[in-house]
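Reading through the structure tokens given below for one structure.
Every value quoted in this text rests on a predicted model; they were computed, and no experiment measured them. Just so it is clear: chains get the letters A, B, ... in the order the sequence lines come, proteins before strands, and each one is counted from 1.
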2 protein chains.
Amino acid sequence: MLEAAARLFAQRGYAATSMRDIAQAASMLPGSLYYHFAAKEDLLAAVYEAGVRDIVAAAQAAAERQTDPWDRLEAACVAHLETVLRRSDTAQVLIRVLPEQVPAAAARLKQLRAEYEDLYRALVAALPLAADVDRRTFRLMLLGALNWTRFWYRESGADTPRVIARRMLRMLRARSDTARSMEKRHG
Amino acid sequence: MLEAAARLFAQRGYAATSMRDIAQAASMLPGSLYYHFAAKEDLLAAVYEAGVRDIVAAAQAAAERQTDPWDRLEAACVAHLETVLRRSDTAQVLIRVLPEQVPAAAARLKQLRAEYEDLYRALVAALPLAADVDRRTFRLMLLGALNWTRFWYRESGADTPRVIARRMLRMLRARSDTARSMEKRHG
DNA sequence: TTGAAAAACAAACGATCGTTTGCTTTATAG
DNA sequence: CTATAAAGCAAACGATCGTTTGTTTTTCAA
């Protein structure tokens with residue numbers, strides 16, 4: 001039921017998905033949904049919560065398997081992209097549906113989003129970046145590029161989410177890195 | 001009237017905006033809209049077209065004032081971001097509303113989007129990039145980062161669109177550049 | 001096996017949706 | 001000034017929306 005809602009919210013958006021659509025996808029009648037959720041907004045909030053859980057869990061688990069700050073970030077990004085593009089419909093809703101679109105639940109949704117943004121704030125904070133690199137811009141740029149893939153990624157394409165994430169991180173890593181690690185990588 | 005529609009589509013999305021909302025914002029009655037547009041989808045297509053025109057015109061004009069490939073791209077990105085974040089409601093619709101959300105008009109909308117993606121394809125093609133840099137990833141990453149700003153940019157913040165665009169481009173420029181221009185910049 | 005709680009059904013409520021129709025107002029060319 | 005076309009008004013159409021209500025089915029512990 002949550003899965004059906006997530007799939008439709010991710011595909012069509014929140015407003016364009018009716019409770020009847022969701023009910024049909026879940027093989028139920030519209031009214032039955034209201035035994036589990038008091039309103040459409042609550043259903044969205046539940047999907048959102050599951051989405052945050054999916055992404056944060058995947059990214060965090062991947063990061064924890066690494067020790068080097070750059071490796072940790074890369075692992076998190078790979079997991080993030082694989083989750084969003086392949087594994088989880090609920091995760092896609094995080095990208096597709098924005099809190100402001102549902103004013104009544106905006107506060108709760110923003111709080112949930114913050115949970116996963118904090119993860120990246122921490123990962124970026126640990127990077128040995130050159131002094132003139134703005135970490136906020138770095139983080140927002142990375143997340144923007146990653147999340148935007150949802151709009152052009154095709155399963156049929158040659159590139160896997162893993163390859164895409166790594167390629168993106170390599171582009172950002174270059175000059176942003178400290179001189180010391182630059183030296184090391186350049187031999 | 002187009003402006004009213006653009007503002008609402010950008011703020012709330014396509015499905016969440018009713019013809020009555022648009023009519024009220026344009027100080028008209030709902031039925032009157034249909035003298036100018038046969039359907040809601042046609043109204044969106046018109047807004048989309050104006051949005052593409054705004055972005056492409058601004059970016060192209062800015063790029064033409066420069067000769068160096070990197071300067072041309074930077075100028076285009078600055079103009080792009082200023083248009084999207086400040087000047088044009090219609091431009092925001094391009095980012096907010098995706099073709100797949102309106103199946104009946106998807107083909108036309110995709111065609112319009114392609115027009116502005118081609119501009120960036122050309123700008124990126126002209127860059128003196130290192131051989132191991134994938135230009136497609138470069139372009140998609142840049143556009144993703146730029147367009148994602150719509151979701152976190154605040155007018156009240158300290159950074160102007162111009163500053164944001166330049167900072168982002170500087171991060172991407174570093175290692176992606178050829179060795180020759182690296183040398184030049186590093187003295 | 002029975003009885004109560006959980007879950008789903010069946011049917012409808014008022015509200016709002018995109019759109020249409022017929023008439024009136026406004027603008028403009030001769 | 002007047003005729004004609006462009007633009008907008010007023011009112012409503014059927015469809016669909018989120019949601020509610022009362023009843024029936026299913027589940028499962030005692």
Compare the minimum distances between each of [options] and the side chain of [X], then state the nucleotide with the smallest one.
X: A/Arg20; options: C/dA8, C/dG18, D/dC17; result: D/dC17
X: B/Leu29; options: C/dG18, C/dA10, D/dC9; result: D/dC9
X: B/Tyr34; options: C/dA7, C/dG18, D/dA6; result: C/dG18
X: B/His36; options: D/dA7, C/dA7, D/dG8; result: D/dG8
X: A/Lys40; options: C/dT19, D/dA6, D/dT19; result: D/dT19

Whole angstrom value for the distance that separates [atom2] of [N] from [atom1] of [X]:
X: A/Asp42; N: D/dT19; atom1: CG; atom2: C1'; value: 13 Å
X: A/Met28; N: C/dA10; atom1: CE; atom2: P; value: 12 Å
X: A/Met19; N: C/dA10; atom1: CE; atom2: C1'; value: 17 Å
X: A/Gln24; N: C/dC9; atom1: CD; atom2: P; value: 12 Å
X: A/Tyr35; N: D/dT19; atom1: OH; atom2: C1'; value: 18 Å
X: B/Glu41; N: C/dC17; atom1: CD; atom2: P; value: 17 Å
X: A/Phe37; N: C/dA7; atom1: CZ; atom2: P; value: 11 Å
X: B/Leu33; N: C/dG18; atom1: CG; atom2: C1'; value: 11 Å

Distance alone, cut at 3.5 Å: any donor-acceptor contact between the side chains of [X] and [Y]?
X: A/Asp54; Y: A/Thr83; result: no
X: A/Gln101; Y: B/Arg12; result: no
X: B/His80; Y: B/Asn147; result: yes

Check your understanding: Of B/Met1 and B/Pro30, whose closest DNA chain D nucleotide lies nearer the 5' terminus?
Key -> B/Met1

Check your understanding: Taking for each residue the nucleotide of DNA chain D bearing the nearest heavy atom, is the 5' side occupied by A/Ala16 or by A/Ser32?
Key -> A/Ala16

Practice item. Taking only the side-chain nitrogens and oxygens of A/Ser18, find out if one of them lies under 4.0 Å from OP1 or OP2 of D/dT16. Key: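 No.
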
Review point. Under 6.0 Å from the CD atom of B/Gln24, do we count more than 12 heavy atoms belonging to anything else shown?
Key: no

Point to revise | Geometric cation-pi criterion A/Lys40 and A/Tyr14, 6.0 Å radius, 45° cone | key: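 Flagged: A/Lys40 positioned over aromatic ring of A/Tyr14.
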
